[in-house]
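Reviewing the structure listed below.
This one's a predicted model, so the numbers in the text were calculated from it and none came from an experiment.
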Amino acid sequence: MPTRLVHLVWDANDPAALAQFWASALGWVIADQAEDEVDVWPEGYSYPDPAAVPLVFVPVPEPKAGKNRVHLDLASNSLPHQASLVTRLRDLGASPVDIGQGEVPWVVLADPEGNEFCVLEPRDRYRDTGPVAAILTDCADPAALGRFWTAAAGYPVAYADEHIAGLRAPSAVGPYLEFLHVPDAKSVKNRLHPDVAPYSGQDPAAEVARLRELGAVPVDVGQGDVNWTVLADPEGNEFCILSPR
């Protein structure tokens with residue numbers, strides 16, 4: 001079996017505070033809190049399950065620099081729901097942000113540490129995703145990166161063209177992984193990155209080798225001596241291969 005997406009890691013200057021914002025924003029709960037990470041997922045969630053992608057907030061000293069290349073899109077089920085969601089998020093500490101989006105039907109906000117996210121207008125595609133419609137990554141070649149992440153996350157391609165590729169779990173639950181064409185290249189370490197893991201009983205070293213054959217490369221982000229492997233996908237986006245689970 002291939003690796004599968006198990007959670008999304010989020011660099012934070014104050015993990016506890018940022019985790020609390022996102023738990024409240026999504027209607028999720030703080031599942032676990034330690035000095036080195038805070039986990040957020042839906043109440044009653046059984047990890048790992050593609051019905052949701054848990055968020056793992058980890059401490060970093062450096063502040064956010066520039067627009068994130070990975071961000072969340074949040075779903076709404078009606079225009080009034082979208083408006084009320086924006087109001088609630090702003091009450092929680094989000095703020096409007098201009099990233100050059102112009103006149104669009106979605107609303108771009110930033111969380112309390114400046115991480116951009118979008119509150120989408122109602123769309124049929126996202127009617128059953130839960131609060132997170134998509135985890136979106138900026139890229140140069142959506143179709144090619146989508147194919148790589150099908151192998152890494154275990155999500156088949158649901159749609160693809162020259163502008164965007166979308167992947168979803170084989171069970172058709174949870175958020176989409178989307179790869180959106182943008183003209184600018186990656187320049188700094190991503191503040192959000194996915195973690196993938198082999199299934200129980202599988203060999204992590206074999207999965208590292210498999211993904212390297214598909215274009216991933218080792219990368220040093222200062223991780224030191226750890227029991228996981230840090231790689232970058234073919235466009236330089238960092239991700240980790242964890243122990244089997």
*Dump the intermediate steps for side-chain contact (heavy atoms from CB on, under 4.5 Å) on Asn237 and Lys186, then the final yes or no.*
CA-CA 8 Å; Asn237 300 294; Lys186 181 177 183 289; 3.7 Å; yes

Contact summary for [X] and [Y], nearest pair of heavy atoms:
X	Y	value
Pro131	Trp28	CG-NE1, 3.5 Å
Leu136	Leu180	CD2-CB, 3.8 Å
Pro244	Ser200	CB-CA, 4.0 Å
Ala169	Pro156	C-CD, 4.2 Å
Val196	Ala152	CG1-O, 3.6 Å
Ala12	Leu18	CB-CD2, 3.8 Å

*Does one side chain, of Ser78 or Gln82, offer a donor that lies under 3.5 Å from an acceptor on the other?*
no

*Can you find a side-chain donor-acceptor pair between Tyr47 and Arg245 that sits under 3.5 Å?*
yes

For residues [X] and [Y]: do they belong to one hydrophobic cluster (side chain heavy atoms under 4.5 Å, members Ile, Leu, Val, Met, Phe, Trp, Tyr)?
X	Y	result
Val226	Val217	no
Val56	Tyr45	no
Ile241	Val6	no
Val40	Leu72	yes
Val70	Val60	no

*Just do the ring-ring contact (aromatic ring centres under 6.0 Å, His included) check on Phe239 and Trp228 with the steps written out, would you?*
CA-CA 10 Å; Phe239 68 100; Trp228 59 86; over 10 Å; no

Using modelled atom types and a 3.5 Å cut-off, is there a donor and acceptor pairing between side-chain atoms of [X] and backbone atoms of [Y]?
X	Y	result
Glu113	Asp14	yes
Glu238	Asn190	yes
Glu116	Asn68	yes
His181	Ala140	yes
Arg90	Pro96	no
Lys189	Arg191	no
Arg168	Tyr155	no
Gln223	Val221	yes
Thr137	Phe179	no

To the nearest 0.5 angstrom, please state how far the [atom1] atom of [X] sits from the [atom2] atom of [Y].
X	Y	atom1	atom2	result
Leu8	Asp195	CG	CG	8.5 Å
Leu211	Trp149	CG	CH2	8.0 Å
Asp49	Ser171	CG	OG	7.5 Å
Gln33	Phe57	CD	CZ	11.5 Å
Leu85	Leu26	CG	CG	9.0 Å
Glu178	Cys139	CD	SG	11.0 Å

*List the steps and the verdict of side-chain contact (heavy atoms from CB on, under 4.5 Å) for Asp36 and Val58.*
CA-CA 6 Å; Asp36 59 347; Val58 298; over 6 Å; no

Any side-chain heavy atom of [X] within less than 4.5 Å of one from [Y]?
X	Y	value
Pro48	His7	no
Leu145	Pro234	yes
Pro218	Thr229	no
Leu74	Leu89	yes
Tyr199	Thr3	no
Leu192	Leu55	no
Ile30	Gln20	yes
Val53	Pro175	yes

*Look at atom CD of Glu35 and say whether more than 12 heavy atoms of other residues, nucleotides or ligands are closer to it than 6.0 Å.*
no

Flag the pair [X] and [Y] as a salt bridge only when some basic side-chain nitrogen lies within less than 4.0 angstrom of an acidic carboxylate oxygen.
X	Y	result
Arg69	Asp184	yes
Arg210	Glu207	yes
Lys64	Asp11	no

_Whichever hydrophobic residues join Val104 through chains of side-chain contacts under 4.5 Å_ = Val97, Ile99, Trp106, Val108, Leu120, Tyr126, Tyr159, Tyr176

*Just do the side-chain contact (heavy atoms from CB on, under 4.5 Å) check on Leu5 and Leu177 with the steps written out, would you?*
CA-CA 10 Å; Leu5 177 66; Leu177 296 182; 3.9 Å; yes

*ring-ring contact (aromatic ring centres under 6.0 Å, His included) partners of His71, counting only residues at least two apart*: none

